[in-house]
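Here the structure comes first, spelled out in structure tokens, and everything after it is commentary.
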Amino acid sequence: QVQPVESGGGLVQTGGSLRLSCAASGHIFSNSAVSWFRQAPGKERDFVAGIVGSGGNTRYADFVKGRFTISSDNAKNTVYLQMNSLKPEDTAVYYCARRVAGVITTTRRTYDYWGQGTQVTVSS
């Protein structure tokens, strides 16, 4: 399975936490860049966070620094996005994307494979 599969979205109150998972079969994450993007209704799909390999290389959007943490478990071929101190403006569909070239970029079109997305809703 090449397509990433997201899970873990849901409804949470302001200040709460969620952990999203992005999984794919086979040993295909270890050398790839895997990133999370998000898209709110009527808005562009924005980069949230990215990781390469086991976590020595990560990158975050300014609006999630200090609140979100991206990590990977290569043995499980899974990338996680731990989201803390959630705000209503974090409400969006969150997408996992894989870039075969192992360099994190914030540009949507540079990613090769996308998941179907998982909805995150933060109530005020």
Side-chain angles (χ1 to χ4, degrees):
Q1 176 188 346
V2 175
Q3 209 81 11
V5 177
E6 305 97 335
S7 62
L11 174 64
V12 65
Q13 292 184 333
T14 297
S17 299
L18 282 174
R19 188 177 79 159
L20 306 182
S21 298
C22 172
S25 63
H27 300 284
I28 59 175
F29 272 178
S30 59
N31 295 318
S32 301
V34 179
S35 292
W36 289 94
F37 287 72
R38 71 185 188 186
Q39 188 167 18
K43 296 189 176 181
E44 295 291 316
R45 191 172 298 187
D46 294 327
F47 172 83
V48 175
I51 191 168
V52 176
S54 59
N57 185 3
T58 59
R59 184 173 178 179
Y60 294 91
D62 287 343
F63 55 79
V64 301
K65 283 182 180 177
R67 299 191 298 127
F68 292 9
T69 302
I70 191 168
S71 62
S72 68
D73 185 337
N74 287 342
K76 297 182 178 179
N77 293 301
T78 302
V79 170
Y80 303 99
L81 184 68
Q82 178 66 43
M83 306 186 296
N84 298 327
S85 302
L86 284 162
K87 307 174 183 179
E89 50 264 44
D90 294 318
T91 295
V93 177
Y94 284 70
Y95 296 90
C96 178
R98 183 171 79 94
R99 184 169 190 249
V100 175
V103 177
I104 302 166
T105 72
T106 62
T107 306
R108 176 181 173 182
R109 61 177 173 78
T110 64
Y111 285 79
D112 304 295
Y113 302 99
W114 289 84
Q116 294 300 306
T118 185
Q119 176 70 46
V120 171
T121 303
V122 184
S123 63
S124 57

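Residue numbers run from 1 in the order of the sequence given. What you see is a predicted model; the values in this text were computed from it and never measured.
In this structure, the side chains of T107 and F47 stay at 4.5 Å or more apart for every pair of heavy atoms. Between M83 and V120, the closest side-chain pair of non-hydrogen atoms falls below 4.5 Å. Counting heavy atoms from C-beta on, the side chains of V34 and C96 come closer than 4.5 Å. With a 4.5 Å cut-off on side-chain heavy atoms, T91 and Q119 count as touching. Considering only heavy atoms from C-beta on, T105 comes within 4.5 Å of Y111 through its side chain.
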When you look at T106 and F37, which way does the side-chain contact (heavy atoms from CB on, under 4.5 Å) test go after all the steps?
CA-CA 9 Å; T106 62; F37 287 72; 5.7 Å; no
Run the salt bridge (charged side-chain N to carboxylate O under 4.0 Å, His left out) test on D90 and K87 for me, step by step, so that the C-alpha distance in whole Å, both residues' side-chain angles and the decisive distance to 0.1 Å come before the verdict.
CA-CA 5 Å; D90 294 318; K87 307 174 183 179; over 6 Å; no
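Nearest heavy atoms, T118 versus G9: OG1-N, 3.2 Å. Between G50 and S35, the shortest heavy-atom distance links the atoms CA-OG, 3.3 Å. T78 and S21 get closest at one heavy-atom pair: CG2-CB, 4.1 Å. Shortest non-hydrogen contact noted between S17 and S85 is OG-N, 4.4 Å.
A distance-only check finds no donor-acceptor pair linking the side chain of E44 to the backbone of Q39 [under 3.5 Å]. E6 places a side-chain N or O within donor-acceptor distance of the main-chain N or O of G117, the cut-off being under 3.5 Å. Under the 3.5 Å distance criterion, the side-chain polar atoms of R98 are left unmatched by any main-chain donor or acceptor of Y113.
Atom OG of S32 and atom CD1 of I104 lie 11.5 Å apart (nearest 0.5 Å). Distance check, rounded to the nearest 0.5 Å: CD1 of I70 to CD of Q82 gives 12.0 Å. Atom CD of Q13 sits about 13.0 Å away from atom OG1 of T121, to the nearest 0.5 Å. Between the CZ atom of R99 and the CZ atom of R109 there is a distance of 9.5 Å, given to the nearest 0.5 Å.
Side-chain heavy atoms closer than 4.5 Å link hydrophobic residues (I, L, V, M, F, W, Y) into clusters, and following such links, even through other members, never connects V64 to V52. In the hydrophobic clustering of this structure, F63 groups with V12; members are Ile, Leu, Val, Met, Phe, Trp, Tyr whose side-chain heavy atoms approach within less than 4.5 Å, directly or through other members.
For residues 65-103, no pair satisfies ring-ring contact (aromatic ring centres under 6.0 Å, His included), with sequence neighbours left out.
Here the rule is side chain to side chain contact (heavy atoms under 4.5 Å, CB included) with V79, and of L20, D73, I51 only I51 fits it.
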